[in-house]
**Q** 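So that we are looking at the same thing, I have put the structure below in structure tokens.
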2 protein chains.
Amino acid sequence: GRKVLIVYAHQEPKSLNGSLKRVAVEELSKQGCSVTVSDLYAMQFEPRATRNDIVGCLHNSEEFNYGVEAWEAYKRGGLSNDLIEEQKKVQEADLLIFQFPLYWFSMPAIMKGWMDRVLVQGFAHEFPNCYDSGLLKNKLALFSFTTGGSREMYAKGGISGDIRYLLWPMQHGIMHFCGVKVLAPHICFAPEYVSEEKRKEMLVAWAQRLKTLWKEEPINCSPEWYFK
Amino acid sequence: GRKVLIVYAHQEPKSLNGSLKRVAVEELSKQGCSVTVSDLYAMQFEPRATRNDIVGCLHNSEEFNYGVEAWEAYKRGGLSNDLIEEQKKVQEADLLIFQFPLYWFSMPAIMKGWMDRVLVQGFAHEFPNCYDSGLLKNKLALFSFTTGGSREMYAKGGISGDIRYLLWPMQHGIMHFCGVKVLAPHICFAPEYVSEEKRKEMLVAWAQRLKTLWKEEPINCSPEWYFK
């Protein structure tokens, strides 16, 4: 059975994001997948990249460089336990699903902190092993999120610009950089402004997509895909 | 004298980011500006958007919706003190400078949390007051950051794509949405891989730019500027 890690960032289990997460757990489990959830708010996950992430002595205690210190700590097994736990989950997963409400054209800070702290050099990338040869190659990622703005606002000529523009840093800049292949995003536009019935349709559509997810081809992570 | 708020996110005062922040404080103070710094790591600024941001009762305790609760709390003066403090600083400022190392094609989580929590509806925007009529209009913002990757990697045909692509969510999606006009970003490419002399030149160049900053025109926040 395939392994899936859902990194989930919503404060409220009753939210649409909470329901989307639940639907994914149910549908993927039904398929025989083994599903793990990192419920970031429930875990009170720490988003700040600080000296606390390094157990024991620093490589250079004169001038703190987070990237270098995390890299060195990774190599000697000296990262904090919460990071080691998350890295184990990532290592075992065939697919990473990120489930969140869009905050300011990006992921909520608590999820950005997961990226900042978990995907350290040595574990997820190590020059020249980045992009197509990133250390997490052979894994898939999927960004599943809700928006405040409508589909029209995020259309090509819309005031917020094509939604693909804002996917670039997350999909290319983070996942592709680590070698992870990216499946098309799953976007629920403006669920707060539609009927309860429409929201139920959103859940059904997600469950439907998941049924044939493993047959999907990754998107092409080139600027042409995002900005054409 | 003009008022400047520097929102600063680096763990190490001796870093280039620390020096760039210091140079800005010195140069702008010399010009007679009043400069305030929010040193996010030193403040242990909270990046997570949670129920703790709301003092007293919730608007809807059945189902927690952060955006709605923060909006309602703002209106009745019920946001947590750290947020009220930051909002005061923003309100008074003519110019916001964001100083940080680029983490994953974006700002570090601690700064994303500042955006998520400080720029609440009612304070920074309130439909239809967004984009050109956002509530923080008549203010300027400038993103000043360092990168890990080189200028060549962030060139138009480079592997990381034109650096402008990753500015879109920050400049258009956040600042322009709140009505803030955006000055051209100030980018120090790959300071860790250049000589000490080159790093000193970077500081001098920043001080030089600041001397005539108030004469600069904002960039055009349209897709053409970013993706042409």
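Letters go in sequence order (proteins before strands), and every chain restarts at 1.
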**Q** With a 4.5 angstrom heavy-atom cut-off, which part of Tyr131(B) approaches chain A: side chain, backbone, both or neither?
**A** side chain

**Q** What do you reckon, is CZ of Arg151(B) surrounded by more than 12 foreign heavy atoms closer than 6.0 Å?
**A** no

**Q** Most heavy-atom pairs under 4.5 angstrom with chain A, which of Cys130(B), Gly113(B), Ser15(B), Ser160(B)?
**A** Ser160(B)

**Q** Should the heavy atoms of other residues, nucleotides or ligands under 6.0 Å from CD of Glu196(B) be counted, would the total exceed 12?
**A** yes

**Q** Between Thr50(A), Leu119(A), Ile159(A), which shows the greatest number of heavy-atom pairs under 4.5 Å with chain B?
**A** Ile159(A)

**Q** Looking at Lys200(A), I'd like to know if its NZ atom is crowded, meaning that more than 12 non-hydrogen atoms belonging to other residues, nucleotides or ligands lie closer than 6.0 Å.
**A** no

**Q** Could you tell me whether the side chain of Tyr103(A) reaches within less than 4.5 Å of the side chain of Tyr66(B), counting heavy atoms only?
**A** yes

**Q** Quick one: what part of Phe64(A) sits under 4.5 Å from any heavy atom of chain B, side chain, backbone, both or neither?
**A** both

**Q** Please classify the contact of Leu40(B) with chain A as side chain, backbone, both or neither, using a heavy-atom distance under 4.5 Å.
**A** neither

**Q** With a 4.5 Å cut-off on heavy-atom pairs, point out which of Tyr41(A), Trp168(A), Tyr226(A), Phe177(A) contacts chain B the most.
**A** Trp168(A)

**Q** Taking atom NZ of Lys156(B) as the centre, does the number of heavy atoms from other residues, nucleotides or ligands within less than 6.0 Å exceed 12?
**A** yes

**Q** Quick check: are there more than 12 heavy atoms from other residues, nucleotides or ligands sitting under 6.0 Å from CG of Asn81(A)?
**A** no

**Q** Check each atom of Phe45(B) against the heavy atoms of chain A and say whether the ones under 4.5 Å are side chain, backbone, both or neither.
**A** backbone

**Q** Is there a side chain to side chain contact (heavy atoms under 4.5 Å, CB included) between Met107(A) and Lys112(B) once you walk through the steps?
**A** CA-CA 9 Å; Met107(A) 58 193 89; Lys112(B) 180 57 166 55; over 6 Å; no

**Q** Checking Glu192(B) against chain A: side chain, backbone, both or neither under 4.5 Å from a heavy atom?
**A** side chain

**Q** Should the ring pair Phe227(B) and Tyr165(A) be called parallel, tilted or perpendicular, given that the plane angle runs from 0 to 90° and is split at 30 and 60?
**A** tilted

**Q** Considering all heavy atoms of both residues, which atom of Pro169(B) and which atom of Pro169(A) are nearest to each other, and what is their separation?
**A** CG-CG, 4.0 Å

**Q** Nearest 0.5 angstrom please: Ser106(B) OG to Leu166(A) CG, how far?
**A** 11.0 Å

**Q** Side chain, backbone, both or neither: which part of His10(B) has a non-hydrogen atom closer than 4.5 Å to chain A?
**A** side chain

**Q** In terms of heavy-atom pairs under 4.5 Å, which option from Pro223(B), Ala9(B), Ala49(B), Pro101(B) contacts chain A the most?
**A** Ala49(B)

**Q** Which atoms of Cys221(B) come close to chain A, meaning under 4.5 Å heavy atom to heavy atom: side chain ones, backbone ones, both, or neither?
**A** neither

**Q** Quick one: does Gln11(B)'s side chain have a donor or acceptor within less than 3.5 Å of a partner on Arg51(A)'s backbone?
**A** no

**Q** Identify which of Asp116(B), Ile110(B), Asn65(B), Val68(B) forms the greatest number of heavy-atom pairs closer than 4.5 Å to chain A.
**A** Asp116(B)

**Q** Output yes when a side-chain donor or acceptor of Arg48(B) lies under 3.5 Å from a complementary backbone atom of Pro47(A), and no otherwise.
**A** no

**Q** So if I apply the ring pair (Phe, Tyr, Trp, His ring centres under 6.0 Å) rule between Trp104(A) and each of His176(B), His172(B), His125(B), which one comes out positive?
**A** His125(B)

**Q** Return the minimal non-hydrogen interatomic distance between Glu62(A) and Glu12(B), and the atom names on each side.
**A** O-OE1, 4.2 Å

